[in-house]
Every structure is written in structure tokens, then in C-alpha cells.
Amino acid sequence: MTKPSSKFSQRVYELTRRVPKGRVTTYKLLAEALGSRAYRAVGQVMRCNPYAPAVPCHRVVASDGTLGGFHGSKSDQELARKTRLLHAEGVIVVNQHIKDFAQLVYTF
DNA sequence: GCGCTTATCGCAC
DNA sequence: GTGCGATAAGCGC
């Protein structure tokens with residue numbers, strides 16, 4: 001963890017937790033909700049995500065609705081697993097891309 | 001459509 | 001002060 005739970009991280013976790021089931025959000029929206037453009041800072045916090053189940057990082061996707069982030073192509077199983085989880089929540093994901101992303105995005 | 005570059009934010013060294 | 005990271009947007013081809 002290169003990033004301890006700081007104020008910024010707390011805010012990110014709080015917002016991420018605020019995302020209801022079957023809904024997704026983007027790094028951009030999260031950063032915007034925080035009043036900053038720390039897209040990457042948000043992602044960095046997620047990467048160290050010490051609140052694994054409490055903070056569903058799989059509900060946070062790129063601005064264009066692609067899963068493009070998370071662990072990249074590190075482990076398809078992990079990614080596929082998150083995709084499957086999204087499916088279980090009602091989010092349709094095809095080829096690492098969220099279907100109807102525009103209406104599934106949760107704006108704070 | 002794809003790839004590279006610049007901007008931006010927080011934290012570690 | 002510099003570098004890194006799960007990004008975003010713009011520009012050129």
C-alpha cells in the first residue's frame with residue numbers, strides 16, 4: 001500500500017460505498033464529486049482499497065464505460081469475476097464494456 | 001480507431 | 001523536488 005487511508009481516501013471510499021447495487025460510477029465522477037480532478041488519485045486509492053468488500057471497486061469504471069482499469073490484464077480471472085459480480089447486480093458487461101453505461105452511471 | 005502527450009492530485013522517497 | 005498510479009481529454013495519423 002503506497003497510499004495510507006488519508007482524508008482523500010476516506011472521501012473516495014465514502015462515495016464509492018454510496019454507489020447502490022446495480023449501479024456504476026467513473027473515476028472522473030468520483031473526482032468531480034470530491035471537487036478535484038484527481039482521477040488517478042481516486043484510482044490509486046482504489047488500488048490500495050483496504051475495504052475490499054465494503055468498497056466495491058468493480059463498480060468504478062473508466063469514463064467511457066470500459067473496465068479498462070482495475071488490474072488491467074493482470075488477471076483475467078479477477079476481472080471476469082468482477083464482471084460476473086456486476087452481472088449478478090444487474091449490470092450487463094460485454095467485452096469489458098458496460099452495456100447501457102450512460103443510464104447505469106450513478107451521479108453523486 | 002489507435003497511440004502518444006499533457007494535465008492533474010495525493011503520497012512515498 | 002521527483003516519480004508513480006486502476007485516468008481523462010486532446011491531437012495527429
Side-chain angles (χ1 to χ4, degrees):
Chain A
M1 309 258 188
T2 54
K3 172 125 175 113
S5 309
S6 226
K7 283 188 177 178
F8 191 80
S9 328
Q10 255 184 77
R11 210 121 332 180
V12 175
Y13 299 135
E14 195 173 300
L15 285 173
T16 307
R17 267 173 40 187
R18 212 166 128 186
V19 180
K21 177 180 64 175
R23 216 43 93 98
V24 295
T25 191
T26 71
Y27 299 104
K28 183 182 170 186
L29 289 174
L30 276 167
E32 237 174 81
L34 293 172
S36 303
R37 296 188 187 81
Y39 319 114
R40 292 167 60 174
V42 176
Q44 192 169 76
V45 174
M46 287 301 171
R47 184 188 183 247
C48 297
N49 184 13
Y51 303 85
V55 183
C57 38
H58 57 266
R59 282 191 204 147
V60 187
V61 298
S63 62
D64 55 345
T66 12
L67 307 190
F70 298 132
H71 283 156
S73 311
K74 188 178 181 183
S75 44
D76 290 340
Q77 284 192 8
E78 292 292 304
L79 187 61
R81 183 166 125 168
K82 288 169 185 179
T83 302
R84 194 181 80 87
L85 185 54
L86 285 169
H87 265 252
E89 294 182 350
V91 181
I92 312 301
V93 181
V94 182
N95 190 29
Q96 292 180 24
H97 172 273
I98 296 188
K99 188 180 175 70
D100 298 317
F101 168 70
Q103 47 180 24
L104 283 174
V105 173
Y106 177 76
T107 337
F108 300 96

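In the text below, chain A, chain B and the rest are named by the order of the sequence lines, each starting its count at 1. Just the heavy atoms: all of them, side chains too, but no hydrogens, waters or symmetry mates, feed the values below.
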Side chains of A:K82 and A:H87: does their closest heavy-atom pair fall under 4.5 Å?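 They are not in contact (no side-chain heavy atoms under 4.5 Å apart), so the answer is no.
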Should A:F108 and A:T25 count as side-chain neighbours, where that means a heavy-atom distance under 4.5 Å?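 Side-chain contact under 4.5 Å: yes.
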Using atom C1' of each nucleotide, how far apart are C:dA6 and B:dC13 to the nearest Å?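 Rounded to whole Å, the distance is 22 Å.
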How long is the span from the OG1 atom in A:T83 to the CD1 atom in A:I92, to the nearest 0.5 Å?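 With rounding to 0.5 Å, OG1 (A:T83) is 11.5 Å from CD1 (A:I92).
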Send over the distance from [X] [atom1] to [N] [atom2], rounded to a whole Å.
X: A:L15; N: B:dC9; atom1: CG; atom2: P; result: 17 Å
X: A:R47; N: B:dG10; atom1: CZ; atom2: P; result: 19 Å
X: A:M46; N: C:dT7; atom1: CE; atom2: P; result: 12 Å
X: A:R11; N: B:dC9; atom1: CZ; atom2: C1'; result: 14 Å
X: A:L34; N: C:dT7; atom1: CG; atom2: C1'; result: 14 Å
X: A:H58; N: C:dA6; atom1: NE2; atom2: P; result: 19 Å
X: A:F8; N: C:dG5; atom1: CZ; atom2: P; result: 17 Å
X: A:Y39; N: C:dC4; atom1: OH; atom2: P; result: 22 Å

With both distances under 3.5 angstrom, what nucleotide forms a Watson-Crick or G-U wobble pair with C:dC4?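 Pair assignment: C:dC4 / B:dG10.
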Taking only the side-chain nitrogens and oxygens of A:S63, find out if one of them lies under 4.0 Å from OP1 or OP2 of C:dT7.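 So the side-chain polar atoms of A:S63 never come under 4.0 Å of the phosphate oxygens OP1 or OP2 of C:dT7.
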Both A:K28 and A:V60 contact DNA chain C. Which one's nearest nucleotide lies toward the 5' end?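 Its nearest nucleotide being more 5', the pick is A:V60.
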5'-most by nearest nucleotide on DNA chain C - A:V42 or A:V61: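 The answer here is A:V42.
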Which nucleotide wins on minimum distance to the side chain of A:R40, given the candidates B:dG10, B:dT8, C:dA6?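 Among B:dG10, B:dT8, C:dA6, the one nearest the side chain of A:R40 is B:dT8.
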Between B:dG10, B:dT8, C:dA6, which nucleotide gets closest to the side-chain atoms of A:R37?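 Ranking B:dG10, B:dT8, C:dA6 by closest atom to the A:R37 side chain puts B:dT8 first.
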Working for side chain to side chain contact (heavy atoms under 4.5 Å, CB included), residues A:I98 and A:V61: CA-CA 9 Å; A:I98 296 188; A:V61 298; 3.6 Å; yes
For the base of C:dA6, is there a side-chain donor-acceptor partner from A:Y27 under 3.5 Å away?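 Result: at least one qualifying N/O pair found.
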Charged N-O contact under 4.0 Å between A:R59 and A:E89: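 Looking at A:E89 together with A:R59, the answer is yes, because their closest N to O distance falls below 4.0 Å.
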